[in-house]
Amino acid sequence: MRTSTLARPLVVVAAALALSAGALPGSAAPPDTAPDVGDGAELDGRGGPGGPGGHPGPGGPHPGRPPAKVPVAVGSGGAVSTVDPDATRVGLDVLRRGGNAVDAAVAAAATLGVTEPYSAGIGGGGFLVVYDAASGTVQTVDGRETAPAAMGADAFVEDGVAIPFEEAVTSGLSVGVPGTPATWQAALDAWGTLSLRDALAGATRVAERGFVVDRTFAEQTAQNADRFADFPSTAALFLPRGAVPRVGSVLRNPDLARTYRLLARDGVDALYTGRLAQEIVDTAQTPPVAPGSVRVVRPGLLETADLAAYDVVHREPTHVGYRGLDVYGMAPPSSGGSTVGEALNILETVDLGALDETQSLHHYIEAASLAFADRNRWVGDPAFVDVPLDELLSDGFAAERACLIDPAAALPKPVAPGSPDGTYGDCPPGADPGDGSPEGTSTTHLTTADRWGNVVAYTLTIESTGGSGIVVPGRGFLLNNELTDFNFTDTQNGADPNLPGPGKRPRSSMAPTIVLQDGRPLLALGSPGGSTIITTVLQTLVNRVDLGMRLDEAVAAPRATPRNGTSIQAEPDFPRTGLEALGHVFADNPEIGAATAIELLDRGKLLSVAEPERRGGGSAGVVRPGR
Ligand code: GLU
């Protein structure tokens with residue numbers, strides 16, 4: 001890994017900020033029916049070193065019920081919200097010991113690498129957005145995986161046709177250079193107070209002692225069991241004694257504990273230039289398939305030089321004003337910030353709060369659809385394609401796009417992309433739409449805030465649930481399949497911004513978002529879910545800002561994910577009737593996204609929010625519970 005060019009010296013934030021969200025309707029703690037605890041402290045320190053696959057020992061967790069999850073917490077002193085109680089507990093421990101929001105985010109993310117290994121880990125990448133209270137600015141780290149230097153535009157094409165998507169998922173070919181370890185180091189260098197060693201300590205303990213398998217983990221293992229069984233290194237870890245671990249059993253990952261200790265001792269260079277780099281390359285180039293397996297597993301193109309050349313990019317965040325708030329997101333190669341931002345700009349042309357439910361959701365659907373058409377046409381890795389980001393986020397472009405929305409009827413889908421060319425007037429004639437890129441539903445999002453006013457929104461992934469399915473032998477982590485986020489063939493009539501390329505970063509939908517009010521943090525949020533991430537973040541913002549819901553209500557509300565397809569996936573309770581009368585067509589999706597979020601309330605209070613139900617519910621916590 002090369003040294004980050006924009007890394008700043010250690011920042012220790014001393015002054016507490018008085019934060020207020022008073023002007024936004026619904027800025028309140030939930031009523032007392034919502035649990036006001038959730039710090040998870042009672043989960044710590046049970047047992048001793050356990051054996052693999054459900055054999056506990058002294059010092060580790062005992063088999064039994066998985067730790068309780070609390071989806072809403074109110075209090076002060078700092079907050080963490082993740083999908084997982086162990087990760088939230090480790091993040092809160094860091095805050096209690098004086099670490100800041102960035103330290104807590106890295107510690108929690110490293111723990112998710114243990115307890116949510118099918119969604120996150122050092123074999124993957126992600127995007128981190130931070131509000132740095134010392135400078136009063138929002139900044140970002142792009143830790144997206146990169147394609148190998150040997151990867152050409154036709155890497156996923158054989159005999160003139162795209163290879164089957166599922167075959168690309170479970171392959172060495174789809175493995176990009178991991179960005180997550182470098183992201184952790186860059187974030188700690190720029191804003192943290194802990195060394196990487198200290199930030200990894202809690203996660204290393206969880207890997208060593210084990211964690212109690214919950215239903216979500218068992219289900220995700222079962223979904224992957226066939227392909228995991230084809231890789232002995234993966235089966236040994238995730239299919240102990242050849243079977244899906246039982247709910248309530250304890251799963252340890254001593255290999256990952258050792259890998260974390262290696263990173264703690266030698267720094268992340270151990271992964272980018274050390275022996276681990278060679279092992280990652282060997283694993284991707286020659287996937288360790290079980291003898292006798294009939295699975296087609298294509299070899300990867302990764303070389304050690306690709307890992308050595310990796311660096312994160314400190315990018316300017318995207319920014320739009322929305323109803324007096326400032327919304328910051330992730331710039332390309334993620335399409336998260338540009339697509340959420342464009343849709344918000346389109347929505348700002350109407351007063352959503354004054355519309356009835358059907359009309360406000362109709363506008364949400366149409367704005368998201370229009371923004372998706374533009375995402376597909378215009379957004380890719382800015383090092384390779386000229387992304388007209390300023391124009392995509394301009395009010396003039398939004399007004400031109402908004403004029404296509406008919407309150408009386410749904411636009412025929414897919415809608416065509418617009419022309420973000422700086423010249424805006426009447427509604428333009430259509431062009432060719434479409435996005436052929438399938439995306440996974442994996443990934444994880446975490447949100448942290450500290451007593452000094454720093455806030456982090458961090459989304460990280462290994463792409464599919466279970467990534468490539470390939471564990472680096474003896475190292476305890478899965479390699480990503482992020483390069484399947486490229487379009488395999490041109491979807492845009494010769495202008496596809498998201499074809500593979502050497503050293504290119506595939507377009508993402510990850511949308512870690514921070515909202516400021518009067519220059520101070522109000523909200524931080526994000527979600528997993530492939531391209532549904534964008535609509536989950538957008539809909540949660542609309543619910544909170546326009547529709548008067550509290551943050552916990554905004555997260556829990558039924559979702560629909562309009563992405564400019566011929567039908568709109570929607571959860572069962574999403575109100576469809578009035579929208580169907582306008583011509584919208586729905587398809588069922590039992591569950592969309594798995595958001596976490598934090599709101600900064602009046603008088604230094606924090607509202608930490610996770611999912612009450614989706615993906616088995618998330619885990620919200622605060623340092624000092626209390627209203
Ligand atoms: N790879 C996806 C992206 O970057 C995220 C994967 C997911 O959430 O399913 O947009």
Side-chain angles (χ1 to χ4, degrees), residues 82-83 109 112 116-121 123-129 140-147 156 165-166 168-169 174-180 183 216 220 223-224 315 329-340 371-372 375-376 379-381 435-446 457-469 478-488 497-498 500 504-513 525-538 559 561 563 569 589 591-596 611 614-615 618:
T82 81
V83 299
L112 291 169
E116 294 283 319
Y118 308 145
S119 294
F127 297 96
L128 185 144
V129 178
T140 79
V141 181
D142 165 0
R144 186 67 161 168
E145 297 92 332
T146 57
F156 292 99
F165 187 74
E166 286 313 312
V169 167
S174 66
V175 178
V177 179
T180 291
T183 302
T216 306
Q220 291 180 343
Q223 286 157 15
N224 276 289
R315 297 189 187 278
M330 196 63 228
S334 185
S335 59
S338 67
T339 314
V340 170
F372 257 89
R375 161 205 190 259
N376 295 344
V379 181
D381 183 345
D435 174 13
S437 148
E439 286 176 274
T441 53
S442 172
T443 308
T444 194
H445 179 79
L446 64 96
Y458 181 22
T459 315
L460 62 162
T461 187
I462 57 172
E463 173 32 27
S464 296
T465 304
S468 64
L478 285 155
L479 291 175
N480 70 81
N481 64 307
E482 210 70 51
L483 304 184
T484 60
D485 271 0
F486 285 122
N487 291 337
F488 291 5
N498 191 36
K504 192 173 176 181
R505 298 179 182 212
R507 179 174 62 210
S508 171
S509 300
M510 289 188 271
T513 302
L525 72 160
S527 176
S531 56
T532 73
I533 292 170
I534 290 167
T535 55
T536 292
V537 169
L538 177 64
R559 293 182 185 138
T561 178
R563 287 167 292 154
Q569 291 178 22
N589 185 331
E591 189 174 286
I592 297 167
T596 69
E611 296 284 357
R614 296 180 183 98
R615 274 210 208 170

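Just follow the structure's listing: the first ligand is 1, and inside any ligand the first atom is 1. Please read all numbers here as calculations on a predicted model, not as lab measurements.
- The residue from Asp485, Asn480, Thr465, Leu460 that puts a heavy atom closest to atom 3 (C) of ligand 1 is Asp485.
- Neither side chain, Ser527 nor His445, offers a donor N or O lying under 3.5 Å from an acceptor on the other.
- Between Pro528 and ligand 1, not a single N/O pair is under 3.5 Å apart.
- Residues Thr444 and Ser119 have side chains that never bring a donor and an acceptor to within less than 3.5 angstrom of each other.
- Inspection of the Thr535 and Thr561 side chains reveals an N or O donor paired with an N or O acceptor under 3.5 Å.
- Side-chain contact check for Ile592 versus Thr536: some heavy-atom pair is nearer than 4.5 Å.
- Within the structure, ligand 1 lacks Arg507 among the residues with a heavy atom less than 4.0 angstrom away.
- A side chain to side chain donor-acceptor pair (under 3.5 Å) with Arg375 is found for exactly one of Ser338, Ser509, Ser531, namely Ser509.
- Per-residue contacts place Ile533 under 4.0 angstrom from the following atoms of ligand 1 (heavy atoms of the residue considered): 8 (O).
- Near Thr461, meaning under 4.0 Å from one of its heavy atoms, ligand 1 places the atoms 6 (C).
- Counting heavy atoms under 4.0 Å from ligand 1, residue Met330 does not touch it at all.
- When each atom of ligand 1 is checked for a heavy atom of Thr443 under 4.0 Å away, the hits are 5 (C), 6 (C), 7 (C), 8 (O), 9 (O).
- Salt-bridge annotation for Arg144 and Glu482: present, with a side-chain N of the basic residue lying under 4.0 Å from a carboxylate O of the acidic one.
- Numbered from 1 in the order shown, with element, the atoms of ligand 1 that lie under 4.0 Å from a heavy atom of Glu482 read 1 (N), 2 (C), 4 (O).
- Checked against side chain to side chain donor-acceptor pair (under 3.5 Å), Thr596 has the following partners two or more places apart in sequence or in another chain: Thr447.
- Some N or O of Gly529 is nearer than 3.5 Å to an N or O of ligand 1, by distance alone.
- Counting the atoms of ligand 1 from 1 in the order shown, those under 4.0 Å from a heavy atom of Met510 are 4 (O), 10 (O).
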